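Notes for the one structure printed next.
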Amino acid sequence: MSSSHMNSSSSSSNSNNNSTMDLLTLENPVFCCYLFWATVLVVKMLLMSLLTALQRFRYKLLGLVPLALRRKVFPNEEDLFFKNIEVQFDDPRVERVRRAHRNDMENILPYFIMALIYVCTNPNPMIACNLFRLAAIARIVHTLVYAVVAVPQPSRILAFATMLIITFYMAAVVALRTLRFI
Amino acid sequence: MSSSHMNSSSSSSNSNNNSTMDLLTLENPVFCCYLFWATVLVVKMLLMSLLTALQRFRYKLLGLVPLALRRKVFPNEEDLFFKNIEVQFDDPRVERVRRAHRNDMENILPYFIMALIYVCTNPNPMIACNLFRLAAIARIVHTLVYAVVAVPQPSRILAFATMLIITFYMAAVVALRTLRFI
Amino acid sequence: MSSSHMNSSSSSSNSNNNSTMDLLTLENPVFCCYLFWATVLVVKMLLMSLLTALQRFRYKLLGLVPLALRRKVFPNEEDLFFKNIEVQFDDPRVERVRRAHRNDMENILPYFIMALIYVCTNPNPMIACNLFRLAAIARIVHTLVYAVVAVPQPSRILAFATMLIITFYMAAVVALRTLRFI
């Protein structure tokens, strides 16, 4: 089986039946690579929720700061576990994590769809796998320099642009392959 | 037909060729279960838009409140159907629905991708279907206790954590299966 | 192997065998049409990020406005390339683009999943392709009348409702097909 797969994936562009059928299965190494790195990015995104919660609870968990100085950053009234604090929306550290999280949603979620579509067009395995790796690492760097420690520009813009350009490249490849179905 | 399918899905973990090919088709009951519950969650998310609009229009539709007291909660100038009201951004009930909606996007959209990926790894049908059911019901409960009626904690945190843990479990399963494609 | 698969998928839901197996491949014209229009929408969404950045930089790039009047609309301190400006969050033009972007995320991302699921149920090709075209064009119109030039209502509500109704229709089709897997 593996030898037949080698053969079919070498004739990339005019996909014969075998190669097309294997695209979205675990026999396709490109798809497996997509699965792995998409999983990494999903976990990274979900950790942003926990990072936000951590920022909200930080001083409370430490318990070292007097009540009057504690950060009061819960958006809903039922979230106030202490009676002497109030609803608040504009803590700078919490808002920074939330902007990073929103940026993740704006860029990573369309990327998931775009990369899955890209796998369906049977791309060159070497190019595709390296794009998946590069995009995932770029977004992890983006989170580190945005939400964890605020590094001066242009570190964040470069990390941001990396995934953006990769997604546009995938879009161009797919659009050219499917243009006659407009 | 069903007997041949039974055979292929019984050898779940070391997926032979037949079973792998059926994963993303309507012959795979796990995939059908995913389709159904993903559809339920998509509908739930889209209803959040309508719920936001409903909150914005509430008093206007009733038409019982004097103009001076009506809620003026439209973010864009062209949305003002009445001339004597102004653009406003901070109505607490509207903002609560919007936070719930944002939380949906942060959690449900990555879950869609993660669960689809999880289906591709040919999981145990019993476990997978129950995870899909549990995750969808947890998010419906989350919306009810967050956006519809504000129930005291920890109801919302439990509903939130349920889907989060399910997604992390799926991520762990997929990552272990695809680790050699890093 | 292929013949046994042929048999099993022929009894699917009167979808004959060939068509079911080809659903998520480039041999399926409906899937290709989905790929093309999903790509268009992904590109449109990513351009929103650039449009936001453009709005932030607008006067700086022109360089014609005195410093005191320049728009100071960067949310993070490290983004301030000029020393005499401050962090700001409430520029109306930037916020309008961001609301449009958020609305995209709320509607287009669930649509991607819903439409992909819809393709898996082997819909009527004529209906499906036209729905994909109509939904994509409606969202492009939505962006134009929301973020680029502010057109009076109900233009935006109509564009918004078009995709919403299409997504609900797809959800209804899928739910009816997969109801027994609840």
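Being a predicted model, the structure only gives us computed values, none of them experimental. The chains referred to below are lettered A, B, ... by the order of the sequence lines, with proteins before strands, and numbering in each begins at 1. Computed from heavy atoms alone, side chains included, the values below leave out hydrogens, waters and symmetry copies.
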In the structure I gave you, are the side-chain heavy atoms of [X] and [Y] within less than 4.5 Å of one another anywhere?
X	Y	value
C:Leu46	A:Thr167	yes
A:Leu164	C:Leu50	yes
C:Val42	A:Ile117	no
A:Thr178	C:Phe31	no
A:Glu106	C:Met48	no

### Message
If you compare all heavy atoms of C:Val43 against all heavy atoms of A:Ala171, which two are closest, and at what distance to 0.1 Å?
### Response
CG2-CB, 3.6 Å
### Query
What heavy-atom pair brings C:Ser49 and A:Phe160 nearest, and what distance separates the two atoms?
CB-CZ, 3.9 Å
### Rounded distance [0.5 Å steps], CD1 in A:Ile113 versus CD1 in C:Ile113
4.0 Å
### Query
What is the distance from atom NE2 of C:His101 to atom CZ of A:Arg102, rounded to the nearest 0.5 Å?
7.0 Å
### Message
With a 4.5 angstrom heavy-atom cut-off, is it the side chain or the backbone of A:Leu179 that approaches chain C, or both, or neither?
### Response
both
### Task
Select one option (side chain, backbone, both, neither) describing which atoms of A:Tyr118 are under 4.5 Å from chain C's heavy atoms.
neither
## Note on the structure
Of C:Asp104, C:Leu109, C:Val30, C:Ile108, the largest count of non-hydrogen pairs under 4.5 angstrom with chain A goes to C:Leu109
### Message
Taking side chain as everything from C-beta outward and backbone as N, CA, C, O, which of these in C:Leu41 sits under 4.5 Å from a heavy atom of chain A? Side chain, backbone, both or neither.
### Response
neither
### Query
Checking C:Leu35 against chain A: side chain, backbone, both or neither under 4.5 Å from a heavy atom?
both
